[in-house]
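Have a look at the structure below before the remarks.
Please read all numbers here as calculations on a predicted model, not as lab measurements. Order of listing sets the numbers, starting from 1, for every ligand and every atom in it. Values below: every heavy atom of this structure, side chains too, minus hydrogens, waters and symmetry copies.
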Amino acid sequence: MKKNKISKNWVNKQRRDIYVRQSKVDGYRARSAYKLIEIDEKFKIFKGGLSVIDIGAAPGSWSQYVFKTAKSGKLISIDLKKMEPIGNSVQIQGDFTEEKIQEKIKKYITSKVDVVMSDMAVDTTGIKNIDSIQTGELCKEAMFFAKDLMKENGYFISKIFMGGTFNEIVAEGKKYFKEVKVFKPKSSRKDSKESFIICRKIR
Ligand SMILES: C[S@@+](CC[C@H](N)C(=O)[O-])C[C@H]1O[C@@H](n2cnc3c(N)ncnc32)[C@H](O)[C@@H]1O
């Protein structure tokens, strides 16, 4: 398909999408907010006072939701891209996979955190197996980083793509956490292989 036809299709899809329209009404920067909201409705994760690390946070709709619900808590958001500020939360711009960025995050943490979440995704190639492997690597990196920083009862949430690395990621999750669930919110597009892994209780 030609490039301008693809972008026309994308624009039309966005116009029809109820979550895109609702995000404008609710003041969220992206429709992604509703995926986290659905995860929260199902797993009852967010409440006042939580400390949360949001990896792959831009443009910031997950962070906006957390900032609203985890009042008086602590929020650290990380992304390759610069984000508009969200209240007094901490924002770090850089590549999460770099050691220096992970060290920078740790400097802001004074005690173990309640939630580490990652919606990181590479620019998709359209080749499902490659997208699954690359996003899977980001998920594994985030999981490895999170497990030592989280409270025993904390939550790790991450985007994954069904495909090549799915079983491996679930197995990795079970190594570090007692509870591992996979959930696809209704707001995650049906034609996308995207899903979310929700892990709890550090082993
Ligand atoms: C789907 S978007 C996140 C949307 C976000 N959850 C929201 O609600 O606005 C994925 C993000 O992951 C970021 N990302 C991808 N690889 C990354 C990396 N290595 N380090 C930091 N951020 C990364 C991208 O820059 C992009 O902004």
With sequence neighbours left out, write down each residue that passes side-chain contact (heavy atoms from CB on, under 4.5 Å) with L138, or none if nothing qualifies.
T97, M120, V122
Are K147 and I202 close enough that some pair of their side-chain heavy atoms sits under 4.5 Å apart?
yes
Ring pair (Phe, Tyr, Trp, His ring centres under 6.0 Å) contacts in which one or both residues fall within residues 138-158, not counting sequence neighbours
F96-F145
Note every protein N or O atom lying under 3.5 Å from an N or O atom of ligand 1, pairing the names and giving the distance.
| unit_1 | atom_1 | unit_2 | atom_2 | d |
| --- | --- | --- | --- | --- |
| ligand 1 | 6 (N) | D119 | OD2 | 2.8 |
| ligand 1 | 8 (O) | S61 | N | 3.3 |
| ligand 1 | 8 (O) | S61 | OG | 2.5 |
| ligand 1 | 8 (O) | W62 | N | 3.0 |
| ligand 1 | 9 (O) | A57 | O | 3.4 |
| ligand 1 | 9 (O) | P59 | N | 3.3 |
| ligand 1 | 9 (O) | G60 | N | 2.9 |
| ligand 1 | 9 (O) | S61 | N | 2.9 |
| ligand 1 | 19 (N) | D95 | OD1 | 2.8 |
| ligand 1 | 20 (N) | F96 | N | 3.0 |
| ligand 1 | 22 (N) | L80 | N | 3.4 |
| ligand 1 | 25 (O) | D79 | OD1 | 2.6 |
| ligand 1 | 27 (O) | A58 | O | 3.2 |
| ligand 1 | 27 (O) | D79 | OD1 | 3.2 |
| ligand 1 | 27 (O) | D79 | OD2 | 2.9 |

Would L75 and I37 show up in the same hydrophobic cluster when neighbours are defined by side-chain heavy atoms closer than 4.5 Å?
yes
Quick check on side-chain hydrogen bond (donor to acceptor under 3.5 Å, both in side chains): which of K159, E194, R31 does S188 satisfy it with?
E194
V170: partners by side-chain contact (heavy atoms from CB on, under 4.5 Å), with sequence neighbours left out:
F166, K174, V180, V182, I197
